[in-house]
Amino acid sequence: MVVKQTGFLSRALVALAAVAMLAGCAGRVAVEERHPDDPWEGFNRRVFSFNEALDRAVLKPVARGYRTVTPEPVQTGVGNFFSNLGEIRTALNSLLQAKPANAGLSTSRFLINTTVGIGGLWDFATPMGITAEEEDFGQTLGVWGLGEGPYLVLPLLGPSTVRDTSGLPLDMYTYPLTYVEDDAVRYGLTALRIIDMRAGLLDQEELIRGDRYVFIRDAYLQRRRFEVSDGELGDDPFASDEFDFDDADFDDADFDDSALDEADPAD
């Protein structure tokens, strides 16, 4: 069987082209203005502006129309369907990250929702208490110790990092839509997935304040770091029961009560 990989190739080429352009664009941003996580901000802002213009002209109006005319149960079913396809990627990456429990949960979710849930349109696994943390190859590379690299805005695809961009080809290979041979069906499902995802962000978009570019960049980096570390934010210096205190630290002689006595109204 010949596997159609047009979607994978197009995304990979976009990512590689974006990285290739960085060498010439990064030097145009003044050193003193560069964010430590965003040394290519000049290039990224131009790509961001392009994506924003395309979103305002096409994607956002279509997403609003989709949400207006599509009944909420249908929207839920569409979201469930595409989320269920992602369970395969989560299961594989969980194994690569030595998380067999999460891999088992994701596999169980896929089997239950694909069969009982009729192709994943209904999510029966979640009410049964079967939930799994989503994993992708960008997270796997992070768990393996690869640094995230500079922040990067990809044409059409949006916020990323060099590490996450490196994981895109493998993400494509493990997403079932890549293997749909009929071009019309594959493109149609991909468009529906994008529209459904954009519609789901309409309400969240209202939370953005100030510089949209900075807000989205910081939110993306924070979320990805949280996902890679599985929510572990490091050691809390105040969480330990071992404090280097002795009795001298609580000596009454260190406290002068004379000022309090002078202020006592009873005197």
Problem - Side chains of Trp40 and Val47 in contact at under 4.5 Å (non-hydrogen atoms) - result: no
Exercise for the section: Taking all non-hydrogen atoms of both residues into account, name the closest pair between Leu105 and Ala132 and its distance. Expected result: CB-CB, 4.0 Å
Exercise for the section: With sequence neighbours excluded, tell me which residues meet ring pair (Phe, Tyr, Trp, His ring centres under 6.0 Å) with Phe48. Expected result: Tyr213
Exercise for the section: Given side chain to side chain contact (heavy atoms under 4.5 Å, CB included), test Met128 with Ile112 step by step and report yes or no. Expected result: CA-CA 10 Å; Met128 296 170 61; Ile112 292 172; 4.1 Å; yes
Exercise for the section: Could you tell me whether the side chain of Thr70 and the main chain of Gln75 form a donor-acceptor pair under 3.5 Å? Expected result: no
Practice task
Answer yes when Glu205 and Arg212 have at least one side-chain N-carboxylate O distance shorter than 4.0 Å, and no when they do not.
Solution key: yes
Practice task
Check whether the side chains of Gln97 and Glu135 place a donor and an acceptor atom closer than 3.5 Å, and report yes or no.
Solution key: yes
Practice task
Measure the shortest side-chain to side-chain distance between Val116 and Trp122 over non-hydrogen atoms and say whether it is less than 4.5 angstrom.
Solution key: no
Exercise for the section: Please name the pair of heavy atoms, one in Asn80 and one in Leu121, separated by the smallest distance, quoted to 0.1 Å. Expected result: ND2-O, 3.2 Å
Practice task
Evaluate the side-chain proximity of Thr140 to Arg163: yes if any heavy-atom separation is below 4.5 Å, no if none is.
Solution key: no
Exercise for the section: Provide the closest heavy-atom pair for Val180 versus Arg186 in the form atom of the first, atom of the second, distance. Expected result: O-NH1, 2.6 Å
Exercise for the section: Please indicate whether Glu134 has more than 12 foreign heavy atoms, meaning atoms of other residues, nucleotides or ligands, lying under 6.0 Å from its CD. Expected result: no
Problem - Under-4.0 Å salt bridge between Arg217 and Asp37 - result: no
Completion exercise
In short, Asn113 meets Phe124 closest at the heavy-atom pair OD1-N, 2.9 Å
Practice task
Please check if any side-chain donor atom of Ser160 sits under 3.5 Å from a side-chain acceptor atom of Arg224, or the reverse.
Solution key: no
Problem - Verdict with supporting geometry, Tyr173 and Leu92, side chain to side chain contact (heavy atoms under 4.5 Å, CB included) - result: CA-CA 11 Å; Tyr173 269 122; Leu92 177 58; over 6 Å; no
Problem - Single hit among Asp136, Thr174, Asn102 for side chain to side chain contact (heavy atoms under 4.5 Å, CB included) with Thr90 - result: Asn102
Exercise for the section: May I ask you to test the Leu111-Glu87 pair for a side-chain heavy-atom distance under 4.5 Å? Expected result: no
Practice task
May I ask you to check whether over 12 heavy atoms, not counting those of Arg223, lie within 6.0 Å of atom CZ?
Solution key: yes
Practice task
Indicate yes or no: at least one non-hydrogen side-chain atom of Asp164 is less than 4.5 angstrom from one of Leu168.
Solution key: no
Handout entry: Residue pair Thr161 / Leu221, side-chain heavy-atom distance below 4.5 Å
Key = yes
